[in-house]
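The chains referred to below are lettered A, B, ... by the order of the sequence lines, with proteins before strands, and numbering in each begins at 1.
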Amino acid sequence: MKSKNIKNNHLSFNEQCYALLMKIPKGKITTYKALANALNTKAYQAVGNAMANNPNPINVPCHRVVNSNGAIGNYAFGIERKIDLLESEGVSTENGKIVAFKKLLFTFN
DNA sequence: GGAATGACATTTA
DNA sequence: CTAAATGCCATTC
């Protein structure tokens, strides 16, 4: 691979994503769009890709990230698991979609 | 250095 | 509202 060596003090794209993820309060959710927007980029899909790496699902609540249309999206451990975790935190879902998703949506403002 | 991939988004039909 | 097609960005092979 053409890794350019790690001399960057700034966090990598995925690292930044994780940092933002950890800021999300319990019972709230966010979207890939909002996340990317917070990072001043439009790499919505890249954000998801960062989650796919999922180096530390323990520290990072990846399950609190959903699609901008309110759909659950995907999850490394499976959609079922993601929904279950969300429900456990008080986020109601229905047919793979977030209920009152706009209310629970956490923007990094 | 280039092609392929993905936990997406937006627009159009 | 649902479904399909197109675009986008960063990362990996």
Next item on the list: Select base, sugar-phosphate, or nothing to describe what A:N49 touches, counting heavy atoms under 4.0 Å on all strands.
Entry: base
Next item on the list: Remember a base hit wins even if backbone is also touched, and classify A:F13 as base, sugar-phosphate or nothing at under 4.0 Å, heavy atoms.
Entry: sugar-phosphate
Note to self: Of the listed nucleotides (B:dA9, C:dT12, B:dA7), which one gets closest to any side-chain atom of A:S68?
What the structure shows: B:dA9
Check: Looking at the side chain of A:A46, which of B:dA7, C:dA10, C:dT12 is the nearest nucleotide?
Finding: C:dA10
Rounding to a whole Å, what distance do you find between [X]:[atom1] and [N]:[atom2]?
{"X": "A:I79", "N": "B:dG6", "atom1": "CD1", "atom2": "P", "result": "15 Å"}
{"X": "A:Q45", "N": "B:dA7", "atom1": "CD", "atom2": "P", "result": "8 Å"}
{"X": "A:M51", "N": "C:dA10", "atom1": "CE", "atom2": "C1'", "result": "13 Å"}
{"X": "A:Q16", "N": "C:dT11", "atom1": "CD", "atom2": "C1'", "result": "14 Å"}
{"X": "A:E94", "N": "C:dC1", "atom1": "CD", "atom2": "P", "result": "13 Å"}
{"X": "A:E15", "N": "C:dT11", "atom1": "CD", "atom2": "P", "result": "11 Å"}
{"X": "A:N95", "N": "C:dC1", "atom1": "CG", "atom2": "P", "result": "13 Å"}
{"X": "A:N14", "N": "C:dT12", "atom1": "CG", "atom2": "C1'", "result": "12 Å"}

Notebook entry, point to check: Which residues in residues 25-43 of chain A have at least one heavy atom lying under 4.0 Å from any atom of DNA chain C?
Noted result: A:T41, A:K42, A:A43
For a quick test of your reading: what N or O donor-acceptor pairs under 3.5 Å do the side chains of residues 89-106 of chain A make, sequence neighbours left out?
unit_1	atom_1	unit_2	atom_2	d
A:E89	OE1	A:R64	NE	2.7
A:E89	OE1	A:R64	NH2	3.2
A:E89	OE2	A:H63	NE2	3.1
A:E89	OE2	A:R64	NH2	2.9
A:T93	OG1	A:E87	OE2	2.7

Notebook entry, point to check: With nearest nucleotides of DNA chain B determined for A:N69 and A:V47 from heavy-atom distances, which residue corresponds to the more 5′ nucleotide?
Noted result: A:V47
Under 4.5 Å between any side-chain heavy atoms of [X] and [Y], yes or no?
{"X": "A:K42", "Y": "A:N37", "answer": "no"}
{"X": "A:Y75", "Y": "A:D84", "answer": "no"}
{"X": "A:T41", "Y": "A:F13", "answer": "yes"}
{"X": "A:N54", "Y": "A:V60", "answer": "no"}

Margin query: Whether the side chain of A:Y44 engages the backbone of A:T31 through a donor-acceptor N/O pair (distance < 3.5 Å, no angle test) should be reported.
Written below: no
Check: With distance as the sole test, does A:K82 use its side chain to make a donor-acceptor pair with the main-chain N or O of A:N74 at under 3.5 Å?
Finding: yes
